[in-house]
Amino acid sequence: MQELDLVIHNSAGLHARPARVLVDLAKQFKSTISIRAGSKRVNAKSMIALLTLGVVCGQAIQIEINGEDETAAAEAIVTAVHEGLGEGHGTPAANSVNDALAAARNGHANLNGHAKLETNVAVADPPPAPTRAEPLKAGATIQGIAGAPGIAVGTILRYERARIEITHRFSGVDNELQRLQAALTTAQQQLVALREQVLLRADASEAAIFDVHRDILADPALLDAVHSAIAAGQGAEVAWQNVINQQANAIAQLDDALLAERSSDIRDVGDRVLRLLVGAEASTLEAHWAKVKQPMIVVAYDLTPSETAAFDPAKVLGFCTAVGGPNAHTAILARALGLPAVISAGPSVLELATGTEVILDGTAGTLLISPAAEAIAAAKTAQQQEREHQALAMRSANQPATTLDGQHIEVVANIGGLSEAQQATTLGADGVGLLRTEFLFLERTQAPTEDEQFVTYREIAQAMGDAPVIVRTLDIGGDKPLPYLALPAEENPFLGERGIRLCLAHPELLQTQLRAILRAASFGRLRIMFPMIADAGELRAAKAEIERIRNELQLAPIEIGIMIEVPSAALMTDILAAEVDFFSIGTNDLTQYTLAMDRTHPTLAAQADGLHPAVLRLIARTVEAAHAAGKWVGVCGELGADPQAVPILVGLGVDELSVSVPAIPTVKAQIRALNFAQCQTSARRALACATAAEVRQGAFDQ
């Protein structure tokens, strides 16, 4: 047995994200791993159980590891805690780290010796306590907590979550387990889609909230408890609801406010599955919005992360909740999505009726009720000043992204639907470099029809006008299951049947999608791009489908490109260039395949850096081969919006950067401040580096 004494110095303790890193790491080992804090011991492979420990900054934990790979597990855990569990490196003395690793390696020889590792991370100030609300009257101000900055002026929409009624009766253990598994599978698919939706409007760190939700769905302690309850004769709904309530209550009662706030995530996940089990609507928000004709300010007892992420920015001006905390995922999402929010305003806000006029100040944490005309005028003046400030920053968004010495770069958008296309046009996008079509296929029980797809592609093409739109064919696989495809479980789905491989194996999916795209192409400037191409054989098979359908429908030729995200394709670009019109480099996958590092791995993600010289050399090779054949190259991974990467990519000769919609003005402004000749020098220096760290330490300097 390996025994470790570690001290957690993450500023917020073992809250959801570092806990997820630790849980994911523990799951990689066959050994049993338990963690003790105080008198409580839990399974280290259970997210919920780990959260219930309530470990805060500076608290000691004891870890016991027993099994065939216990030494490797101990080393990995020591290293992960030292590196901050995904939240940055601590600065322990070198001898402490070495002693801890040595103790882990020699656990059998020293069962009574405990390796102690302490990291030094600043402690965050605790959130302020909410003040008591003032009596409700015209001109009164309710003081809450600042959740997300910004001012909203409008009328209230009072939101109450519909109660979920359980009427199903127990129908046998096997049937109840099957019903539960079906609901869990659909819930996982919904969370994948929700993560992708958030990723289009916010950073990956905010979208990762829904990775935590997916982990909760797969939590072994949670599922064991539900299965046991079903085996004892409870229906799936009752068993699920009881266990969720028990787990959420256990976390809500923790002394640490931040950790206690995570109970809302468990309840959010619980409600999602329960609604699926009883056949209820996924959300009651739509029913509320049907009552109103204008954007409003939502007032609720609380909001879940799922509800917040699903807000339509055209309908929600901001929101105010009676409870909650500034570090809850709902508040984090509000800040990421640019929604003004006041939280923990107290129960008196629930007395406000729909239609009450208010001024919500998310910066000050106040809600002004039935304000006087002067207050409304002042708030609108403040809003106007903020808009003018933003307009000044974005005024040049529609100007070309041309360097100081005349090198032009196209800056286009990564989108996942019509609303993002419309937003991209207002933010100066030169087109769409990546239309992710997966949103059409997820969260449904059967594949979208040809006509459904055609309408969507046509609307997006028309929204973009004369600007080009690159439509990526379905990029799905074992990591993103579809209920209507009988896909076998894969040990490593990222090396299995995904992208073009899956579509060629299920030609009906590919053929239907290609017909829809080709039909919509006459309404704009659509291009087709195939994902995960590994060699010319896959490309030719996919192109043959296009030609067959195009001839059948008697339609004009269309530009065809491929994503360069598999190293074999990057190494074969001199051959592939003769068969396509363009390349688009997917730096996310290219990086993980080149470095053999999963970019979501809890301890390797920071090293899976797209600025690694090996990745940059593949990009340089791709650009060189494409330009030699008279073809152009884009980049559509996260690297395209990385301020340190942009000068290097420009210097390597990349012709197009495809980035998230909000990043477009910033990237264009950065390019206009660059000198292309200096970028080329930076790129050459980067290619000569040995590590990504060396590149980031200076090769990009201008």
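Atoms considered below: every heavy atom in the structure, side chains included; atoms not considered: hydrogens, waters and symmetry mates. Since we're looking at a predicted model, the values are computed, not measured.
- Using a 4.0 Å cut-off between a side-chain N of Lys or Arg and a carboxylate O of Asp or Glu, Arg519 and Asp451 qualify as a salt bridge.
- Without hydrogens or angle criteria, Lys315 side chain to Gln294 main chain gives no donor-acceptor distance under 3.5 Å.
- Using a 4.0 Å cut-off between a side-chain N of Lys or Arg and a carboxylate O of Asp or Glu, Glu237 and Arg179 qualify as a salt bridge.
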| request: Kindly indicate, with the supporting measurements, whether the criterion side chain to side chain contact (heavy atoms under 4.5 Å, CB included) is fulfilled by Gln190 and Leu276. | output: CA-CA 11 Å; Gln190 291 177 350; Leu276 289 168; 3.6 Å; yes
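- In this structure a side-chain-to-backbone donor-acceptor pair under 3.5 Å is missing from Thr594 to Thr591.
- Side chain of Asp589 to backbone of Glu565: no donor-acceptor contact under 3.5 angstrom is found.
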| task | Carefully, step by step, assess Glu160 and Arg158 under the rule salt bridge (Lys or Arg N to Asp or Glu O under 4.0 Å). | result | CA-CA 7 Å; Glu160 294 182 11; Arg158 187 70 176 78; 3.4 Å; yes
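- A donor-acceptor contact shorter than 3.5 Å is absent between the side chain of Thr473 and the backbone of Phe530.
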| request: Starting from the C-alpha separation in whole Å, work towards a yes-or-no answer on salt bridge (Lys or Arg N to Asp or Glu O under 4.0 Å) for Asp581 and Arg527. | output: CA-CA 9 Å; Asp581 297 296; Arg527 298 163 174 164; over 6 Å; no
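- Between Pro448 and Thr512, the shortest heavy-atom distance links the atoms O-CG2, 4.3 Å.
- When atom types are taken as modelled, the side chain of Thr304 and the backbone of Glu307 share a donor-acceptor pair closer than 3.5 angstrom.
- Between the side chain of Thr573 and the backbone N or O of Leu576 there is no donor-acceptor pair closer than 3.5 Å.
- Between the side chain of Glu176 and the main chain of Ser171, a donor-acceptor pair closer than 3.5 Å is present.
- Looking only at atom types and distance, the side chain of Ser306 has a donor-acceptor partner in the side chain of Arg272 under 3.5 Å away.
- For the atom pair OG1 (Thr587) and CG (Leu618), the distance works out to 12.0 Å, reported to the nearest 0.5 Å.
- Remark: the backbone N or O of Arg436 is not paired with any side-chain donor or acceptor of Arg472 at under 3.5 angstrom.
- Judged by distance alone, the side chain of Asp655 and the main-chain N or O of Val633 form a donor-acceptor pair under 3.5 Å.
- Under the 3.5 Å distance criterion, the side-chain polar atoms of Gln513 are matched with a main-chain donor or acceptor of Leu474.
- Within 6.0 Å of atom CG in Asn551, more than 12 heavy atoms from other residues, nucleotides or ligands are found, so the atom counts as buried in its surroundings.
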